[in-house]
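The structure displayed is predicted, hence computed values, not measured ones. Side chains included, hydrogens not; waters and symmetry mates left out as well; all remaining heavy atoms used. One-based numbering, in listed order, for ligands and for the atoms of each.
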Amino acid sequence: MRRGILGIVGSRIVDVERVACRRRPIAIAPRIDWFRRRVVSREVCDVDRVGKRVVVRLESGDAIVLEPRMTGLVLVADPPSREHLRFRCKLAGNGTRELLYWDRRGLGSVRLFSAAEFESAFSEAKVGPDALTVTAEVFRERLGQSRRAIKVALLDQRAVAGIGNLYASELLHLAAVNPARRCDKLTRPQWQRVADATHTVLEAAIRYEGSTLGDGTYRNALNEQGGYQNHHRVYDRAGKSCPRCGAGSEIVRIVQAQRATFYCPRCQRK
Ligand SMILES: [Zn+2]
């Protein structure tokens, strides 16, 4: 998402608008008229990311934080439907005419932060180190004492930021670690494999621009499908054979903390 909208850097904000929508309203803060007063005529100086949020930085020091949660999209092209369009930011000066926020379930948010508010909202205490760079030692420091199942703990954004549900299953399969294994029972070599697999899986997912599943929700910034779904090892592949141990094995689906987990019982033994 971040890379998809990077072209807005250098643009100036002309207007922001809460798009009229019959669906459950998303959280926009502050109120749109206050929001507008603070951002109009400001220049976008960078597009950043903090965990699973996109951060549009303005030269004023303010930051617009778009948090897509389950079904939100950040777009610089026509949205998949008008019906779920939630927020529009009109731009001028650098070729991109608008930045849109679309959200089918409406669980996401668009919030404006001052520099000081941003620092306190996204401090180390609230958002863990980023998954793309976290080392095995830091994984162990932050989760090594936890009695939670590794798959559940990986989704805790305060421990490590940026791992989504789908990618947690994927990386545990690559690391050959059982998703129900308790964190405090993982060995040093297993933490190393988890850290390595986190980087490998997330880097591949970024390269393929995410996974567009059967429901078609996820789209890139140009409203095109992602490509990572064609490379899934286990996610959404229940009953199919394991890409590592092959014929005779079957990927299994279980539920942990209300979220689906997929794994291979043969090469991810408990
Ligand atoms: Zn297997």
Side-chain angles (χ1 to χ4, degrees), residues 51-52 70 128-157 159-218 220 225-270:
K52 299 190 282 184
M70 301 290 284
D130 195 79
L132 277 182
T133 52
V134 70
T135 61
E137 289 68 40
V138 173
F139 257 122
R140 229 157 44 82
E141 247 170 61
R142 303 187 71 99
L143 293 174
Q145 310 296 317
S146 171
R147 297 165 63 89
R148 288 179 293 178
I150 177 72
K151 158 64 171 37
V152 176
L154 287 175
L155 301 182
D156 178 353
Q157 303 296 304
V160 172
I163 302 175
N165 186 54
L166 186 166
Y167 300 109
S169 285
E170 291 291 293
L171 75 90
L172 287 174
H173 181 264
L174 180 58
V177 171
N178 187 283
R181 182 106 182 142
R182 264 170 49 178
C183 290
D184 60 354
K185 303 289 185 200
L186 257 70
T187 62
R188 238 169 230 270
Q190 284 179 319
W191 281 119
Q192 187 61 55
R193 296 209 304 270
V194 167
D196 293 345
T198 298
H199 305 154
T200 304
V201 165
L202 292 182
E203 279 162 15
I206 291 167
R207 196 161 59 243
Y208 290 111
E209 299 189 67
S211 294
T212 302
L213 301 177
D215 66 1
T217 295
Y218 177 74
N220 70 11
Q225 283 202 11
Y228 193 70
Q229 67 280 2
N230 303 318
H231 302 270
H232 283 182
R233 306 170 64 89
V234 289
Y235 194 85
D236 213 16
R237 298 191 66 247
K240 301 201 169 125
S241 64
C242 169
R244 179 165 36 218
C245 62
S249 67
E250 256 188 27
I251 304 296
V252 170
R253 179 189 190 274
I254 58 170
V255 175
Q256 293 178 287
Q258 288 92 51
R259 310 295 305 276
T261 299
F262 295 84
Y263 75 106
C264 170
R266 196 198 279 178
C267 56
Q268 293 170 270
R269 278 181 213 281
K270 192 131 186 223

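Aromatic ring orientation, Y228 versus Y167: tilted (interplanar angle from 30° to 60°).
Smallest separation of non-hydrogen atoms from R233 and E170: N-OE1, 2.8 Å. Of all heavy-atom pairs between H173 and C242, the closest is NE2-SG, 3.2 Å.
Side-chain contact between R244 and C264: absent, with no pair of heavy atoms (C-beta onward) separated by less than 4.5 Å. Between F139 and V160, the closest side-chain pair of non-hydrogen atoms falls below 4.5 Å.
Legend: protein N/O/S atoms lying under 2.8 Å from the Zn ion (ligand 1), waters omitted, number 4.
Judged by distance alone, the side chains of N178 and K151 never bring a donor and an acceptor atom under 3.5 Å apart.
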